[in-house]
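See below for the structure under consideration.
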Amino acid sequence: MENKKTFGDYVKTKRAEAGLTQKEFADKLYVTESAVSKWERGLSYPDITLVTEICAILNISERELLTANEDVQTRNHERLAKRYLSLIRRFKTAQYIIYGLPVLTCFIVNLAVNHTLSWFWIVLSSIAVSASLTLLPMLFEKKRGLITLGGFTGTLVILLTVCAVFTGGDWLVITLIPVIFGLSLIFLPFFLGNINLPDPFGNHKALIYHILNTALLFVLLLTASIYTNGGWFFTTAVPLAAFWLILPWGYMGIIRYTRINRFFKASGCFALTSVLFYFTRSFTDMILGEPYRFGLFFDFNNWHTQETINGNIDAITFFSVLGLTLIFAAAGVIRETYRTKSKV
């Protein structure tokens with residue numbers, strides 16, 4: 001504590017601010033008025049067991065009492081915290097009203113006009129989607145991101161299902177799969193990063209991400225093929241998708257599982273890109289049944305036809321990526337040489 005005189009003056013000031021006489025203050029603490037007088041005159045300190053009760057009566061913190069000084073920063077933080085909590089409560093109340101009134105209104109109107117609940121379910125599920133993004137995160141303190149993601153996905157699926165049932169359409173599956181695939185591409189890394197998987201799966205979350213999204217991609221292509229009666233899944237979709245999946249799978253393998261420095265990893269990714277790009281046009285034409293030939297065909301002196309323009313652009317892109325491959329490979333060699341010399 002501060003010196004007795006300073007401490008006494010502080011207690012006296014706070015008691016006066018609380019509107020208490022020495023006797024009233026003493027009665028609340030079950031001590032004599034003389035004891036309070038001694039504290040305020042700087043003749044003695046109160047018993048340590050009274051500190052908590054004194055703070056509660058004078059509406060101060062223990063730190064303020066022990067230092068005999070206003071803890072302005074803490075009080076500001078507490079005030080801001082209270083304002084924030086009050087704002088959150090008002091915001092939640094506003095959302096209850098904003099979402100509740102349309103639901104109640106549509107419920108009554110739908111019953112009054114149609115004598116049954118029909119399009120009301122579309123309104124309800126639509127509002128639920130909005131509420132999952134704005135209201136749901138405010139109802140939980142932990143795992144807000146995961147809960148919001150789950151709520152949004154669930155309500156979106158319900159909305160699409162209700163719309164399909166209401167319209168009598170057969171488009172639900174072909175709509176749900178790309179929606180789930182898109183959400184998985186964006187949010188699955190966040191989901192995997194916030195859950196604990198048992199060994200050995202916990203160390204291979206990137207691999208799990210690629211496996212799940214690859215499976216979803218092929219399910220999407222198969223569903224689209226069936227829905228359009230195209231019959232192009234095995235002949236066109238599978239080989240083209242598999243060809244382009246080499247890129248993300250290759251990147252993942254190089255970045256996650258190779259034990260080389262980051263420059264070599266970048267070089268490996270650019271090298272894979274250049275190889276894939278070299279065969280892209282010819283492989284695509286071959287799968288589509290178009291005339292094809294492997295290799296790059298360019299003439300930088302001729303930019304007059306679409307074929308030569310495409311060939312020149314392909315060549316520029318290929319050589320640019322190949323150049324980056326060599327640059328990063330050289331940087332990797334320099335890095336390894338410097339590291340070896342440093343160890344010596």
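Not counting sequence neighbours, the partners of Lys23 by the salt bridge (charged side-chain N to carboxylate O under 4.0 Å, His left out) test are Asp27. Taking Glu24 as the reference, nothing meets the salt bridge (charged side-chain N to carboxylate O under 4.0 Å, His left out) condition, with sequence neighbours excluded. Residues forming a ring pair (Phe, Tyr, Trp, His ring centres under 6.0 Å) with Tyr99 (at least two apart in sequence, or on another chain): none. Take Phe300 and apply the ring pair (Phe, Tyr, Trp, His ring centres under 6.0 Å) test, not counting sequence neighbours, and it matches Phe298. Under the ring pair (Phe, Tyr, Trp, His ring centres under 6.0 Å) criterion, Phe318 pairs with Tyr278, sequence neighbours left out.
Side chains of Arg89 and Thr93: a donor-acceptor N/O pair is absent below 3.5 angstrom, by distance only.
We find the CG-OG distance between Leu160 and Ser125 to be 9.0 Å, quoted to the nearest 0.5 Å. With values rounded to the nearest 0.5 angstrom, Ile186 atom CD1 is found 6.5 Å from Leu183 atom CG. Atom OG1 of residue Thr317 and atom CG of residue Asn312 lie 10.5 Å apart, to the nearest 0.5 angstrom. Between the CD1 atom of Ile147 and the CD atom of Glu141 there is a distance of 10.5 Å, given to the nearest 0.5 Å.
Within 6.0 Å of atom NZ in Lys92, more than 12 heavy atoms from other residues, nucleotides or ligands are found, so the atom counts as buried in its surroundings. The 12-atom threshold is exceeded at CZ of Arg256, counting heavy atoms of other residues, nucleotides or ligands nearer than 6.0 Å. Within a 6.0 Å radius of NZ in Lys265, other residues, nucleotides and ligands contribute more than 12 heavy atoms.
In this structure, Ser34 and Lys38 have side chains that are in contact, with non-hydrogen atoms separated by less than 4.5 Å. Counting heavy atoms from C-beta outward, Phe297 and Ser282 have side chains that stay 4.5 Å or more apart. Tyr251 places a side-chain heavy atom less than 4.5 Å from the side chain of Thr273. By the 4.5 Å heavy-atom criterion applied to side chains, Phe191 and Thr153 are not counted as neighbours. Residues Asn110 and Val123 have side chains not in contact (no heavy-atom distance under 4.5 Å, counting atoms from C-beta outward). Using a 4.5 Å heavy-atom cutoff, the side chains of Phe243 and Leu276 are in contact. By the 4.5 Å heavy-atom criterion applied to side chains, Phe263 and Ile334 are not counted as neighbours.
Residue pairs meeting the side-chain hydrogen bond (donor to acceptor under 3.5 Å, both in side chains) criterion with at least one member in residues 318-334, sequence neighbours excluded, do not occur. Listed by first and then second residue, the side-chain hydrogen bond (donor to acceptor under 3.5 Å, both in side chains) pairs involving residues 295-305 are Thr305-Thr308 (not counting sequence neighbours). Within the structure, the salt bridge (Lys or Arg N to Asp or Glu O under 4.0 Å) test picks out no pair touching residues 154-172 (sequence neighbours left out). The ring pair (Phe, Tyr, Trp, His ring centres under 6.0 Å) contacts involving residues 107-139 comprise Phe107-Phe120, where partners must be two or more places apart or lie in separate chains. Sorted by first and then second residue, the salt bridge (Lys or Arg N to Asp or Glu O under 4.0 Å) pairs with a member in residues 302-314 read Arg281-Asp314, Arg293-Glu307; sequence neighbours excluded.
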Return a table of donor-acceptor pairs under 3.5 angstrom between the side chains of residues 198-217 and protein atoms on other chains or two or more places apart.
{"unit_1": "His204", "atom_1": "ND1", "unit_2": "Tyr257", "atom_2": "OH", "d": "2.7"}
{"unit_1": "Lys205", "atom_1": "NZ", "unit_2": "Leu192", "atom_2": "O", "d": "2.6"}
{"unit_1": "Lys205", "atom_1": "NZ", "unit_2": "Ile195", "atom_2": "O", "d": "2.8"}
{"unit_1": "Tyr209", "atom_1": "OH", "unit_2": "Leu185", "atom_2": "O", "d": "2.8"}
{"unit_1": "His210", "atom_1": "ND1", "unit_2": "Ala206", "atom_2": "O", "d": "2.9"}
{"unit_1": "His210", "atom_1": "NE2", "unit_2": "Pro248", "atom_2": "O", "d": "3.3"}
{"unit_1": "Asn213", "atom_1": "OD1", "unit_2": "Ser184", "atom_2": "OG", "d": "2.6"}
{"unit_1": "Asn213", "atom_1": "ND2", "unit_2": "Tyr209", "atom_2": "O", "d": "3.2"}
{"unit_1": "Thr214", "atom_1": "OG1", "unit_2": "His210", "atom_2": "O", "d": "2.6"}
{"unit_1": "Thr214", "atom_1": "OG1", "unit_2": "Trp249", "atom_2": "NE1", "d": "2.9"}

Using residues 172-181 as the side-chain source, report each donor-acceptor pair under 3.5 Å to any protein atom, sequence neighbours left out, with the distance given to one decimal.
{"unit_1": "Thr175", "atom_1": "OG1", "unit_2": "Trp171", "atom_2": "O", "d": "2.7"}

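Cluster annotation: Leu124 and Phe166 are assigned to the same hydrophobic cluster (Ile/Leu/Val/Met/Phe/Trp/Tyr, side-chain heavy-atom contacts under 4.5 Å, transitive). By the rule that hydrophobic residues join a cluster once side-chain heavy atoms approach within less than 4.5 Å of another member, Ile127 and Ile122 end up as members of one cluster. Residues Val275 and Met252 do not share a hydrophobic cluster, defined by chaining ILVMFWY side chains whose heavy atoms lie under 4.5 Å apart. There is no path of hydrophobic side-chain contacts, each under 4.5 Å, that joins Ile254 to Leu326. In the hydrophobic clustering of this structure, Leu221 does not group with Ile287; members are Ile, Leu, Val, Met, Phe, Trp, Tyr whose side-chain heavy atoms approach within less than 4.5 Å, directly or through other members.
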For Leu135 and Tyr96: C-alpha separation, side-chain torsions, deciding distance, then whether side chain to side chain contact (heavy atoms under 4.5 Å, CB included) applies. CA-CA 8 Å; Leu135 179 59; Tyr96 288 139; 3.7 Å; yes
Start with the C-alpha distance between Leu20 and Ile57, add both sets of side-chain angles, then the distance that settles side chain to side chain contact (heavy atoms under 4.5 Å, CB included), and finish with yes or no. CA-CA 10 Å; Leu20 299 172; Ile57 295 171; 3.6 Å; yes
